Amino acid sequence: MNASTSRRALLVLYTALVFVFIFAPIVSTVVFSFNADRFPSLPWGGFSLQWYEAIFADASIQRGLANSLIVAVATSAIATFLGFAAAYVDYRYRFFGKMAYISIVALPPTVPVVILGVAMLTFEGRIGLSGTLTGITVGHVVLAAPFAMALVRMRLADLDPDIERAAWNLGATPWATITGVVIPFCLPAIFASVFLTAAVSFDEFMIAWFVSGVNETLPVRVLAMLQGQVSPRINAIGALVFAVSMTLVVAAQMLLGRGGRRNAKEA
Amino acid sequence: MSDATSIQTPPPSASAKASRLRFAAFWGLPPLLWQLAFFVVPLGFLVAMTFWSVKSFRLTPDATLANWIFILNAGFFRNAYIYTFWLAGLTALLASLIAFPASYAMAFLLKPATRRFLVFMLVVPFFTSYPVRIYSTQIFFSPQGIINAVIAPLGLGPISVLNSPAGTVVGYLVLTLPLVVLLQTFALGNVPRTLIEAAHNLGCGRLRTILTVIVPSARVGLIVAATFAFVLAFGDYVAPVYLGGSKPPTLSILIADQVKSGNNWPRASVVAVVMIVTLIIVMTAMLALAYGRKGARR
């Protein structure tokens with residue numbers, strides 16, 4: 001028994017170490033964003049908000065943040081609609097070439113973003129979209145829609161197809177059925193995908209880096225700052241960016257968790 | 001059909017049929033058109049561009065193989081290809097090995113509530129500013145950084161992994177570990193408990209159970225996890241630049257350089273297409289390995 005207990009403890013300790021490796025960069029960014037010293041190391045140099053003051057006074061960072069927010073909101077709206085539509089089509093219809101249909105919609109996240117970035121740049125340069133926020137949004141929707149589709153599809157798996165058929169039989173049009181039954185049922189997943197696709201866009205740096213031109217988003221600004229010397233301002237931006245994307249991802253997960261639990265109770 | 005449980009819809013009239021078609025098109029077409037226009041077409045355009053030429057700094061539509069011949073014969077490309085492939089493969093292996101004990105603990109030892117919380121946590125970094133995390137990792141490993149500050153009193157170090165392949169691999173692990181732990185945990189969670197208990201009852205030791213019962217039955221998920229690690233590392237740009245110091249360059253660095261400073265898009269496109277082909281081959285091979293002959297035997 002003792003051997004088994006100590007083996008258990010060792011494994012749990014090891015797991016904790018893996019989590020430390022994964023989360024230390026995030027935690028230390030937040031911690032050092034409040035550090036008075038220029039160089040982030042031990043010992044701690046005292047509490048200070050100067051790096052936050054510096055980034056809030058920096059016009060290029062403000063512009064980057066504004067651009068990122070615009071692109072994220074637009075991406076989230078479009079990608080969630082497209083993702084819902086594709087998930088509904090997958091749920092509702094059987095047709096020739098469905099595998100190809102689903103693959104085309106779902107595949108973009110498996111293509112390295114550096115390649116998506118070059119492809120977007122060369123293509124958008126031809127149609128006059130490169131260098132615009134629209135151009136960045138277009139690329140982000142391609143990348144984010146599959147996440148929305150996956151979230152809504154998982155939710156739809158719990159909706160009995162006969163419910164829709166029953167509504168049609170009682171005289172409801174497909175439009176009335178989808179707005180009265182399907183969309184309300186999918187709301188937790190729809191809101192979750194609103195948040196998650198916004199997070200995907202808000203953190204995306206590679207497509208944005210290739211396409212953005214002078215209209216830098218915040219992650220592209222960060223990438224440019226990384227090329228310079230060590231600057232504690234990056235920690236302050238990083239802490240802000242973490243706060244935004246974590247809020248979005250956690251909100252998405254809580255919505256999904258709640259939806260799932262409620263569903264379990266219904267069953 | 002006559003059974004009472006299935007609900008039948010009345011036969012549709014012609015106008016009802018048209019309206020149904022409109023309904024289907026309203027939902028079905030937008031995702032398809034969007035991904036065709038902004039995903040499939042750009043990738044096709046990328047392939048076409050590999051045959052274009054650059055004449056006095058201007059892109060000109062062409063049907064030349066010059067870019068392919070130049071890139072495939074270039075020593076810098078071959079070296080970068082071998083280096084990138086090798087590092088991505090090493091990362092897939094390391095991430096799988098490092099993750100496994102943790103995934104095992106999460107799947108079999110921890111309480112379900114703890115496991116749910118940890119899974120919840122692991123999803124977060126996947127969507128959380130990767131460049132900032134790499135910057136932070138850079139600070140950790142810098143000569144005056146935290147790691148060296150911690151190990152110096154123990155009489156160790158200073159260690160230097162920055163601007164070396166080791167630094168790149170550390171960055172790849174930052175990128176891939178959360179996802180690999182997540183996928184492995186799901187894979188192990190699906191191994192039937194009865195199978196493991198049966199192995200124990202029949203006197204199979206702990207390690208032998210892992211190697212001969214758990215790993216084979218979780219094989220598909222474990223291979224998928226490793227494949228994702230390979231794909232992510234193979235295409236990553238940030239870790240090799242900021243932790244590896246671009247020395248030597250990876251394929252993604254070649255692409256970025258050709259586009260950003262070299263301004264030679266056709267050559268960058270050749271590198272990109274070679275990367276896509278490589279990834280398709282690797283994914284196909286890994287899926288064959290996952291669902292292959294041995295799997296059918298069980």
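Here is the naming used below: chain letters follow the sequence lines, and residue numbers restart at 1 for every chain. Just so you know, these numbers come straight off a predicted model, no measurement behind them.
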- Item | B:Leu177 to B:Ala99 - nearest heavy-atom pair and separation |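 Closest heavy-atom pair between B:Leu177 and B:Ala99: CD2-CB, 4.0 Å.
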- Task: List the atom of A:Thr177, the atom of A:Ala172, and the distance in Å for their closest heavy-atom pair.
- Result: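 Heavy atoms only, the tightest pair is OG1-CB, 3.8 Å.
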If we define contacts as heavy-atom pairs under 4.5 Å, which of [options] has the most with chain A?
options                                : result
B:Gly44, B:Ser129, B:Gly235            : B:Ser129
B:Arg206, B:Met275, B:Met49, B:Met106  : B:Arg206
B:Val181, B:Leu279, B:Leu110, B:Leu118 : B:Leu118
B:Thr137, B:Val170, B:Leu36, B:Thr128  : B:Thr128
B:Val174, B:Val123, B:Leu43, B:Val40   : B:Val123
B:Leu109, B:Val124, B:Val271           : B:Leu109

Just give me the residue among [options] that pairs up with chain B most often, heavy atom to heavy atom, under 4.5 Å.
options                                : answer
A:Leu116, A:Leu218, A:Val89, A:Val142  : A:Val142
A:Ala79, A:Ser245, A:Gly83             : A:Ser245
A:Val241, A:Val244, A:Leu121, A:Leu107 : A:Leu121
A:Val114, A:Ile115, A:Val113           : A:Ile115
A:Pro146, A:Pro174, A:Gly238           : A:Pro174
A:Trp209, A:Phe95, A:Phe210            : A:Trp209

For [X], is it the side chain, the backbone, both, or neither that has a heavy atom closer than 4.5 Å to a heavy atom of chain B?
X        : value
A:Leu248 : neither
A:Pro219 : neither
A:Val105 : both
A:Glu124 : neither
A:Val111 : side chain
A:Phe81  : side chain
A:Ala252 : neither
A:Val250 : both
A:Met206 : side chain
A:Tyr88  : side chain

- Tell me whether the centres of the aromatic rings in B:Phe127 and A:Phe147 are closer together than 6.0 Å. yes
- Query: So, for B:Phe45 and B:Trp265, is the gap between ring centers shorter than 6.0 Å?
  - Reply: no
- Quick one: list whatever passes side-chain hydrogen bond (donor to acceptor under 3.5 Å, both in side chains) with A:Ser130, sequence neighbours left out. none
- Item | side-chain hydrogen bond (donor to acceptor under 3.5 Å, both in side chains) against A:Thr75, all qualifying residues, sequence neighbours excluded |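 Testing A:Thr75 for side-chain hydrogen bond (donor to acceptor under 3.5 Å, both in side chains), a comparison that skips the adjacent residues, returns none.
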- Taking the inter-plane angle between the rings of A:Phe84 and B:Trp27 on a 0 to 90° scale, is it parallel (under 30°), tilted (30 to 60°) or perpendicular (over 60°)? perpendicular
- Query: What is the ring orientation for B:Tyr130 with A:Phe205, classed by angle as parallel under 30°, tilted 30 to 60°, or perpendicular over 60°?
  - Reply: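 Judged by the thresholds at 30° and 60°, the geometry between B:Tyr130 and A:Phe205 is tilted.
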Region of [X] that comes under 4.5 Å of a non-hydrogen atom in chain A:
X        : result
B:Phe140 : side chain
B:Val241 : neither
B:Tyr104 : side chain
B:Ala24  : both

- Message: If we check side-chain contact (heavy atoms from CB on, under 4.5 Å) with A:His140, which of these qualifies: A:Val138, A:Thr137, A:Ile136?
- Response: A:Ile136
- Query: Which residue, A:Val222, A:Leu226, A:Asp203, forms the side-chain contact (heavy atoms from CB on, under 4.5 Å) with B:Val132?
  - Reply: A:Val222
- Task: Name, in order of residue number, those residues of residues 11-19 of chain A that have a heavy atom at a distance of less than 4.5 Å from a heavy atom in chain B; otherwise write 'none'.
- Result: A:Leu11, A:Val12, A:Tyr14, A:Thr15, A:Val18, A:Phe19
Heavy-atom donor-acceptor pair, [X] side chain to [Y] backbone, under 3.5 Å:
X        : Y        : result
B:Gln184 : B:Ser103 : no
B:Tyr135 : B:Tyr242 : no
B:Asn67  : B:Thr50  : yes

- Message: I'd like to know whether CZ of B:Phe117 has more than 12 heavy-atom contacts from other residues, nucleotides or ligands below 6.0 angstrom.
- Response: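 12 or below, so no.
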Rounded to the nearest 0.5 Å, how far does [atom2] of [Y] lie from [atom1] of [X]?
X        : Y        : atom1 : atom2 : answer
A:Ser103 : B:Gln35  : OG    : CD    : 11.5 Å
A:Met120 : A:Leu143 : CE    : CG    : 8.5 Å
B:Leu243 : B:Ile134 : CG    : CD1   : 4.5 Å

- Message: Between A:Thr29 and B:Ser136, is there a side-chain donor-acceptor contact under 3.5 Å, judged purely by atom types and distance?
- Response: yes
- Message: Among residues at least two apart in sequence or on other chains, which ones pass side chain to side chain contact (heavy atoms under 4.5 Å, CB included) with B:Phe228?
- Response: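 By the side chain to side chain contact (heavy atoms under 4.5 Å, CB included) rule, B:Phe228 matches B:Leu179, B:Leu183, B:Val224.
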